[in-house]
Amino acid sequence: MKHWLVKSEPEAYSWTTFVQEDGTAWTGVRNYQARNNLNLMQPGDLVLFYHSVSEKAVVGIAEVAALAAPDATAETGSPWVAVALRPVQPLPLPVSLAQIKADARLSELALLRQSRLSVLPVRPEEFDAVLALGTK
DNA sequence: GCCAACGTTGGC
DNA sequence: GCCAACGTTGGC
């Protein structure tokens with residue numbers, strides 16, 4: 001199983017909305033590297049849900065519910081894809097970017113290296129470290 | 001509000 | 001094909 005992190009500005013689409021809707025198609029990704037990551041996702045992969053900009057914290061865990069398929073919000077024939085995500089559980093404690101930066105286990109987290117990429121891979125041990133911080 | 005990073009666009 | 005200009009993202 002692979003692990004991932006997706007970002008969303010909470011003002012645009014929040015974890016709360018995601019839970020209320022019981023999941024969503026993760027549409028709107030318009031970056032090739034992010035798209036390549038979407039294409040690598042398998043149903044059951046676990047995904048950290050990160051609130052960028054105003055909150056800057058991992059707030060919950062989602063899972064991939066369906067393989068990448070053409071993004072319905074993009075033009076027909078475009079290369080853009082979306083996966084279906086559904087909520088698994090909120091983190092009891094949001095894990096802030098500051099905490100992530102302060103943790104030696106997370107020093108190589110892709111989020112820190114490529115802060116602008118919206119769909120990022122996460123190593124299993126990194127996923128576990130974030131989970132530990134969020135449930136302590 | 002500013003700025004660094006970085007992707008895209010368009011002129012040459 | 002190169003690169004300057006420009007737009008967007010996201011942290012500070």
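Computed from a prediction, not measured in an experiment: that's the story for all the values here.
- A 4.5 Å side-chain heavy-atom check between A:Asn31 and A:Arg116 finds every atom pair outside the cut-off.
- Non-hydrogen atoms lying under 4.0 Å from DNA chain C are contributed by A:Val53, A:Lys56, all within residues 53-61 of chain A.
- A side-chain N or O of A:Arg30 and one of A:Thr73 form a donor-acceptor pair less than 3.5 Å apart.
- Atoms CG and CG, from A:Leu67 and A:Leu38 in turn, are 11.5 Å apart once rounded to the nearest 0.5 Å.
- For the residue pair A:Ser14 and A:His51, the shortest heavy atom distance occurs at CA-NE2, 3.5 Å.
- Across all their heavy atoms, A:Gly44 and A:Glu63 have their closest contact at CA-OE1, 3.8 Å.
- In this structure, A:Leu97 reaches the sugar-phosphate backbone alone: every heavy-atom distance under 4.0 Å involves primed, P, OP1 or OP2 atoms, never a base.
- Under the 30°/60° scheme for interplanar angles, the aromatic rings of A:Trp15 and A:Phe18 are found to be tilted.
- A 4.0 Å heavy-atom criterion places the boundary nucleotides of DNA chain C facing chain A at C:dG7 to C:dC12, written 5' to 3'.
- None of A:Trp4, A:Phe49, A:Trp80 except one satisfies the ring pair (Phe, Tyr, Trp, His ring centres under 6.0 Å) rule with A:Trp26; the exception is A:Phe49.
- Side chains of A:Arg105 and A:Leu133 form a contact here, defined as non-hydrogen atoms less than 4.5 Å apart.
- With contacts defined as side-chain heavy-atom distances shorter than 4.5 Å, the pair A:His3/A:Leu48 does not qualify.
- Near DNA chain C, meaning a heavy atom under 4.0 Å away, there are no residues from residues 72-80 of chain A.
- Summarising the local packing, CD of A:Glu75 is surrounded by 12 or fewer heavy atoms from other residues, nucleotides or ligands at distances under 6.0 Å.
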